[in-house]
Amino acid sequence: MEAYKAWVRRNSQWLSSMESLANTLTWFLPERFAKSELAPEALSTVVGLVTVMNQHIIATGPRHPNSSSPSLVAAVEETFPWPLLLSVVKETEVLVEMGAEYYLGRDHKWTPVATVETIKVLMRLLVLHKSGYKMLIDGGETPNVGDQPDGLQFDPALGRGRIGTAPSTSRPDRAMQAMLKYRANVGESTRPSWIVGHSSTVPPHTSNPWEMKTRPHTNKALVVGEVLLILRPLLYVLLIRRYGLRSWLPWLLSLALDATGMTVLYSTTVLPSYKVGNHLRPAAPMSKLEKNELLRRQVLWALYLMRSPFFDCYTRQRLDNVEQILKPVPLFGTLAGKGVDLVLGIQAFYMYTAAS
């Protein structure tokens, strides 16, 4: 195993290119979204898991090739690798949904899907507690260890560039890249979402970021906002399980929880001050990671256009109109048809559009 880790770290740039190519090619496999074909999805899941493990090996290696000092990620994961486990769950969640739909049917797949969401909720609440009740980055997959002005610059050992210049390995995130290319615009991390990098920047007065159980003045409103956003996907899927995809209740409640959670976060982080009782309290300064996370969450609101019943009532018709307009145009008509097929295939699965 140690020999394999050393090989991965020596060939990180080549592996990064091959993994990105393999992840892209899996979107063009035959029967990519066929209900009766799980093999392409299983292959895509295996590619994603290998990518996650290889980049975890790189991220948890020494900060420098000739140094024995552990990286920041290694320090964060001295207790238990919760961010890594969250990434593994997110890599397998689409396959779980496809398998449940194939064996149980579309109307009865929601119990396994809700089980996956419950696991993620429990893990994220634990990460929220262990991080000192700070904003979760990438749903808890990236350790929020404070501002890192130089930690996300180009790293030759990883073969990665600045934030937002390389694809993420997360499965639903790759779907969003195929549709909107949004990660390149909002400045999200270029590495697997639980990787911060090889920066030696560690919060003062602690050698292990997970040891910061609480802040001197914990922002209770921020905690409430984070908890609402953590619980939102689980409540959403439970309502779908109860009322079905055609009901507007799950869609509206999910939107209300997102709006409430984001309003609370904005009032306690972006505004100069927020009111607590009869007193005004200054908002805590935000790190670059937290600013990028807020932008990422704003972009994810676009997925409400992709969720039923809004998609069935409004978005689908607009897509069909665009396809019909471009259909007579050579090349563009073919590309538009393929694009609509891709969107329809993605929209059919909860995990691609739930932003969970």
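Numbering starts at 1 and runs along the sequence shown.
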| Is a side-chain donor-acceptor pair under 3.5 Å present for Tyr236 with Asp258? | no
| query | Side-chain donor-acceptor pair under 3.5 Å between Thr353 and Gln347, yes or no? | reply | no
Residue pair [X] / [Y]: nearest heavy atoms and the distance that separates them:
{"X": "Ala114", "Y": "Leu238", "value": "CB-CD2, 4.0 Å"}
{"X": "Glu97", "Y": "Ala348", "value": "OE2-O, 4.5 Å"}
{"X": "Cys313", "Y": "Trp248", "value": "SG-CZ2, 4.1 Å"}
{"X": "Leu95", "Y": "Thr45", "value": "CB-OG1, 3.6 Å"}
{"X": "Ile325", "Y": "Pro328", "value": "O-CD, 3.3 Å"}
{"X": "Ile137", "Y": "Leu289", "value": "CD1-O, 3.7 Å"}

Heavy-atom side-chain proximity of [X] to [Y] below 4.5 angstrom:
{"X": "Leu15", "Y": "Trp7", "value": "yes"}
{"X": "Arg246", "Y": "Pro309", "value": "no"}
{"X": "Pro233", "Y": "Tyr350", "value": "yes"}
{"X": "Phe349", "Y": "Glu101", "value": "yes"}
{"X": "Glu93", "Y": "Lys120", "value": "yes"}
{"X": "Val340", "Y": "Val322", "value": "no"}
{"X": "Arg242", "Y": "Leu249", "value": "no"}
{"X": "Thr315", "Y": "Val343", "value": "no"}

Do [X] and [Y] share a hydrophobic cluster, counting only Ile, Leu, Val, Met, Phe, Trp and Tyr and linking them when any side-chain heavy atoms are less than 4.5 Å apart?
{"X": "Val329", "Y": "Leu319", "value": "no"}
{"X": "Met123", "Y": "Leu128", "value": "yes"}
{"X": "Leu84", "Y": "Val50", "value": "no"}
{"X": "Leu231", "Y": "Ile240", "value": "yes"}
{"X": "Met351", "Y": "Tyr102", "value": "yes"}

| request: Using the side chain to side chain contact (heavy atoms under 4.5 Å, CB included) rule, take Leu49 and Thr92 through it: C-alpha gap first, then chi angles, then the decisive distance, then the call. | output: CA-CA 8 Å; Leu49 289 174; Thr92 59; 4.2 Å; yes
| Intermediate values then yes/no, side chain to side chain contact (heavy atoms under 4.5 Å, CB included), Asn144 and Val127 | CA-CA 10 Å; Asn144 188 349; Val127 170; over 6 Å; no
[X] side, atom [atom1]; [Y] side, atom [atom2] - distance, nearest 0.5 Å:
{"X": "Glu323", "Y": "Lys338", "atom1": "CD", "atom2": "NZ", "answer": "11.0 Å"}
{"X": "Ile230", "Y": "Leu235", "atom1": "CD1", "atom2": "CG", "answer": "12.0 Å"}
{"X": "Glu117", "Y": "Leu122", "atom1": "CD", "atom2": "CG", "answer": "11.5 Å"}
{"X": "Met262", "Y": "Leu257", "atom1": "CE", "atom2": "CG", "answer": "13.5 Å"}
{"X": "Leu303", "Y": "Ser356", "atom1": "CG", "atom2": "OG", "answer": "10.0 Å"}
{"X": "Lys291", "Y": "Met286", "atom1": "NZ", "atom2": "CE", "answer": "7.0 Å"}

| request: Begin with the C-alpha distance, continue with both residues' side-chain angles, and end with the deciding distance and a verdict on side chain to side chain donor-acceptor pair (under 3.5 Å) for Arg241 and Thr111. | output: CA-CA 7 Å; Arg241 181 175 178 270; Thr111 297; 3.0 Å; yes
Is the side chain of [X] donor-acceptor paired with the backbone N or O of [Y] at a distance under 3.5 Å, no angle test?
{"X": "Ser267", "Y": "Thr263", "value": "yes"}
{"X": "Ser254", "Y": "Pro250", "value": "no"}
{"X": "Ser44", "Y": "Pro40", "value": "no"}
{"X": "Asp312", "Y": "Ser308", "value": "no"}

| request: Could you go through the side chain to side chain contact (heavy atoms under 4.5 Å, CB included) check for Lys5 and Glu2 one step at a time? | output: CA-CA 5 Å; Lys5 290 181 179 180; Glu2 292 302 322; 3.9 Å; yes
| task | Could you point out which residue of Leu305, Leu245, Leu344 forms a side-chain contact (heavy atoms from CB on, under 4.5 Å) with Phe311? | result | Leu344
| Does Arg307 make a cation-pi contact with Tyr304 (under 6.0 Å, within 45 degrees of the axis)? | yes
| What is the ring orientation for Tyr133 with His129, classed by angle as parallel under 30°, tilted 30 to 60°, or perpendicular over 60°? | perpendicular
| task | Please indicate whether Arg297 has more than 12 foreign heavy atoms, meaning atoms of other residues, nucleotides or ligands, lying under 6.0 Å from its CZ. | result | yes
| task | Starting from the C-alpha separation in whole Å, work towards a yes-or-no answer on side chain to side chain contact (heavy atoms under 4.5 Å, CB included) for Lys134 and Leu222. | result | CA-CA 8 Å; Lys134 296 189 292 185; Leu222 186 145; 5.8 Å; no
